[in-house]
There are 2 protein chains.
Amino acid sequence: MSVTVDGTERLMRIGEVARGAGVSVRAVRYYEQQGLLTADRSPSGQRLYRQDAIARVRFFQQMYAAGLTSRRITELLPCWDAGHTDADQRAMLRAERERIQARIDDLVAARDRLDQVIALTDTHP
Amino acid sequence: MSVTVDGTERLMRIGEVARGAGVSVRAVRYYEQQGLLTADRSPSGQRLYRQDAIARVRFFQQMYAAGLTSRRITELLPCWDAGHTDADQRAMLRAERERIQARIDDLVAARDRLDQVIALTDTHP
DNA sequence: CTTGCCCCTGACGCCGACGTCAGGTGTGAG
DNA sequence: CTCACACCTGACGTCGGCGTCAGGGGCAAG
């Protein structure tokens, strides 16, 4: 594991997290502002992140790409972090899953529609 | 077909188009503003649409849902309308298709990720 | 010491597809 | 004619995930 000899985990500054996750520094600060990501602070006030921060940021990106808002992600983070859920949270998880599935269906239909046009314009130039 | 005895097509006003396509009146006006949809005008200035307007609006909705912008749709409309394309347009069609496919892949990954969480929270409540 | 790079906190800007409000006109039923 | 409802043209508001600029502090190398 990435742990130093004295047992403390190796910490990263914000730039390393951003590069590691392929996002901007601004984005990482924004996630903190939205309550998605917490960071320790160095004596001089710089943010210090643990190794799992990169994976978390990647996860946020994935959820954003799926159309979830920051608020929705914060509401669902307990499921992910603590592994425990109440009935409301389980319902929200399922609801989001259904939304994503619906969007997939829409996209597939749109793709097929474009494919029709492409086929037409190829055979009929 | 929906043609009156004198051979003229039955025309709709904007509200009927909007209801038929499941969008707002404002949205239909917006599409015209973006150059996506044209309408005849009654002597008093009201927009009059042909029957195929509803299908066009549904098509726009589908493309919007797929992440295309109004500009992109206007650029691709000639393919759809005239059925002819130059090389640039064919390239654009394919590029959009690839983008949609990439978004589908992202969404499928996000869905699977959520499914993992759901499975966890179900077996481990 | 200086240079260069990274970091900090505000705070305004942006984009796109509309929502919405204001103030006025058209239209069909009774 | 009146009433209710649909329609018209501006034009400003919204929302979310950042980009970007302003102004100022760390921190290691040379």
Quick check for you: among dT9(D), dC27(D), dT27(C), whose closest atom lies nearest to any side-chain atom of Arg13(B)? dT27(C)
So which atom in Leu76(B) and which in Gln89(B) form the shortest heavy-atom distance, rounded to 0.1 Å? CD2-O, 4.2 Å
Given that Ala27(A) and Ile14(B) both sit by DNA chain D, which one's nearest nucleotide is further toward the 5' end? Ile14(B)
Using side-chain heavy atoms (C-beta onward) and a distance below 4.5 Å, is Tyr49(B) in contact with Val28(B)? yes
Can you tell which of Asp40(A), Val17(A), Thr38(A), Leu11(A) makes a side chain to side chain contact (heavy atoms under 4.5 Å, CB included) with Arg50(A)? Leu11(A)
Less than 4.0 angstrom between a side-chain N/O of Tyr30(B) and OP1 or OP2 of dA17(C), yes or no? yes
Can you tell me how far C1' of dG17(D) sits from CE of Met63(A), to the nearest Å? 16 Å
To the nearest angstrom, how far is Arg71(B) atom CZ from dG16(C) atom P? 9 Å
If you check every side-chain atom of Tyr64(B), which of dG17(D), dC18(D), dC18(C) has the closest atom? dC18(C)
Rounded distance (Å) that lies between atom P of dA17(C) and atom CG of Leu37(B): 15 Å
Taking for each residue the nucleotide of DNA chain C with the nearest heavy atom, is it Gln46(B) or Leu68(B) whose nucleotide lies nearer the 5' end? Leu68(B)
Any idea how Phe59(A) and Trp80(A) line up, ring-wise: parallel (<30°), tilted (30 to 60°), or perpendicular (>60°)? parallel
Atom-pair distance (CG on Asp40(A); P on dC8(C)), nearest Å: 13 Å
Euclidean distance, atom CD of residue Gln34(B) to atom P of dG16(C) [Å, nearest integer]: 9 Å
Measure from CZ on Arg72(A) to C1' on dG17(D) and round the result to the nearest Å. 18 Å
Would you state whether a donor and an acceptor, one from the side chain of Arg29(B) and one from the base of dT9(D), lie under 3.5 Å apart? no
Would you indicate what Arg41(B) reaches in the nucleic acid, counting non-hydrogen atoms under 4.0 angstrom: base, sugar-phosphate, or nothing? sugar-phosphate
Closer than 4.0 Å, any side-chain N/O of Ser70(A) to the OP1 or OP2 of dG17(D)? yes
When rounded to whole Å, the CD to C1' distance for the pair Glu32(A) and dG10(C) reads 14 Å
Among dC7(C), dA17(C), dT27(C), which nucleotide has an atom closest to any side-chain atom of Ser44(B)? dT27(C)
Are Leu68(A) and Glu75(A) packed together at the side-chain level, in the sense that at least one heavy-atom pair is separated by less than 4.5 angstrom? no
Gln33(A) vs dC8(C): side-chain N/O to OP1/OP2 distance below 4.0 Å: no
Taking only side-chain N and O atoms of Ser24(B), does any of them lie within less than 4.0 angstrom of OP1 or OP2 on dG19(C)? yes
Looking at Ala66(A) and Leu107(B), what are the two nearest heavy atoms and their distance? CA-CD2, 3.3 Å
I want to verify a distance call: between dC18(C), dC8(D), dC18(D), whose nearest atom is closest to the Arg47(B) side chain? dC8(D)
Under 4.0 Å: is that the gap between some side-chain N or O of Tyr31(B) and OP1 or OP2 of dA17(C)? no
Ranking dC7(D), dG19(D), dC7(C) by distance to the side chain of Arg26(A), first place goes to dG19(D)
